[in-house]
Amino acid sequence: SAVISQKPSRDICQRGTSLTIQCQVDSQVTMMFWYRQQPGQSLTLIATANQGSEATYESGFVIDKFPISRPNLTFSTLTVSNMSPEDSSIYLCSVDGLAGVDEQFFGPGTRLTVL
Amino acid sequence: EDQVTQSPEALRLQEGESSSLNCSYTVSGLRGLFWYRQDPGKGPEFLFTLYSAGEEKEKERLKATLTKKESFLHITAPKPEDSATYLCAVQASGTYKYIFGTGTRLKVLA
């Protein structure tokens, strides 16, 4: 299994500001995923981050709004830029398929409120 | 378009009252169907992976089954600690992307 930590666990931000969320994994992994989970809704994939390459964004998400860094095999950051109240959500990072095991591990999430 | 629908949205059970949660899916070639448990304020926790119709997996009071169109998560004699949101997700062949349902919020009363 993998142990994933996220910082911060929660934050309250003002409109127009940016917040960077950190995701740390206790194992080296190739792919890291960033999800958004809005209240009462399913998890929506924002982007996939591979070490050494540009992140791949899903439809409806753009790099200018959600820049991602992946400097090494155990760490990634997601920035939520120029925030609006509609960005209030839980942001989750996850990793996939450690040691050939076909399951996905999630971090505890970052609860973001934008005023 | 790949899609996952879970029902019911919410379910209240008395302790010991068995029931089933449903996950209906449409996907262009199923690689795997996944069940997760999510407690409030936490990330989803992996429960099961199912790959082909007819497959079943069990863990304590939970049993997951799979057909070509849907999966069921059977909860036998639930306890209050089974209260959580249960999420279903599918992964299509040839892709790394998971498509999640909106989940079933389960409340087990003592």
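Below, chain A is the first sequence line, B the second, and so on; all start at residue 1.
Ring centers of A:Phe106 and B:Tyr36: under 6.0 Å apart, within the cut-off.
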Between B:Tyr98 and A:Tyr35, is a ring-ring contact (aromatic ring centres under 6.0 Å, His included) present by the stated rule, with each step listed? CA-CA 10 Å; B:Tyr98 294 78; A:Tyr35 287 87; 7.5 Å; no
Could you go through A:Gln104 and B:Phe46, starting from their C-alpha distance and side-chain angles, then the distance that decides it, and tell me whether this counts as side chain to side chain contact (heavy atoms under 4.5 Å, CB included)? CA-CA 7 Å; A:Gln104 194 175 28; B:Phe46 171 80; over 6 Å; no
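Residues that satisfy the side chain to side chain contact (heavy atoms under 4.5 Å, CB included) test with B:Thr65, not counting sequence neighbours, are B:Glu56, B:Lys63, B:Phe72, B:His74.
Side-chain heavy atoms closer than 4.5 Å link hydrophobic residues (I, L, V, M, F, W, Y) into clusters, and following such links, even through other members, never connects A:Val25 to A:Ile68. Residues A:Ile90 and A:Leu45 are members of one and the same hydrophobic cluster, defined by side-chain heavy-atom contacts under 4.5 angstrom among Ile, Leu, Val, Met, Phe, Trp and Tyr. With hydrophobic clusters built from ILVMFWY side chains whose heavy atoms lie under 4.5 angstrom apart, B:Leu11 shares a cluster with B:Val4. Taken together through direct or relayed side-chain contacts under 4.5 Å among Ile, Leu, Val, Met, Phe, Trp and Tyr, B:Leu21 and B:Val90 form part of one hydrophobic cluster.
Contacts with chain A were tallied for B:Gln6, B:Lys97, B:Lys42; B:Lys97 has the most, counting heavy-atom pairs under 4.5 Å.
Summarising the geometry, atom OG1 belonging to B:Thr102 is positioned 11.0 Å from atom CG belonging to A:Leu43; distances are rounded to the nearest 0.5 Å.
Atom CD of B:Glu17 is surrounded by more than 12 heavy atoms from other residues, nucleotides or ligands within 6.0 Å. Counted within 6.0 Å of CG on B:Leu109, heavy atoms from surrounding residues, nucleotides or ligands total more than 12; the atom is thus considered enclosed. Shown here is B:Lys57, whose NZ atom has more than 12 heavy atoms of other residues, nucleotides or ligands within 6.0 Å.
With a 4.5 Å cut-off on non-hydrogen atoms, B:Gln38 touches chain A through its side chain but not through its backbone. Only the side chain of A:Gln37 comes within less than 4.5 Å of a heavy atom in chain B; its backbone stays farther off. Interface remark: A:Thr110 contributes no atoms to any contact with chain B (heavy atom separation under 4.5 Å). Contact of A:Thr48 with chain B is made through the side chain alone, with heavy-atom distances under 4.5 Å.
Heavy-atom minimum distance, A:Leu92 versus B:Gly43: CD2-CA, 3.9 Å. Here the shortest heavy-atom pairing between A:Ser42 and B:Gly101 reads CB-O, 3.0 Å.
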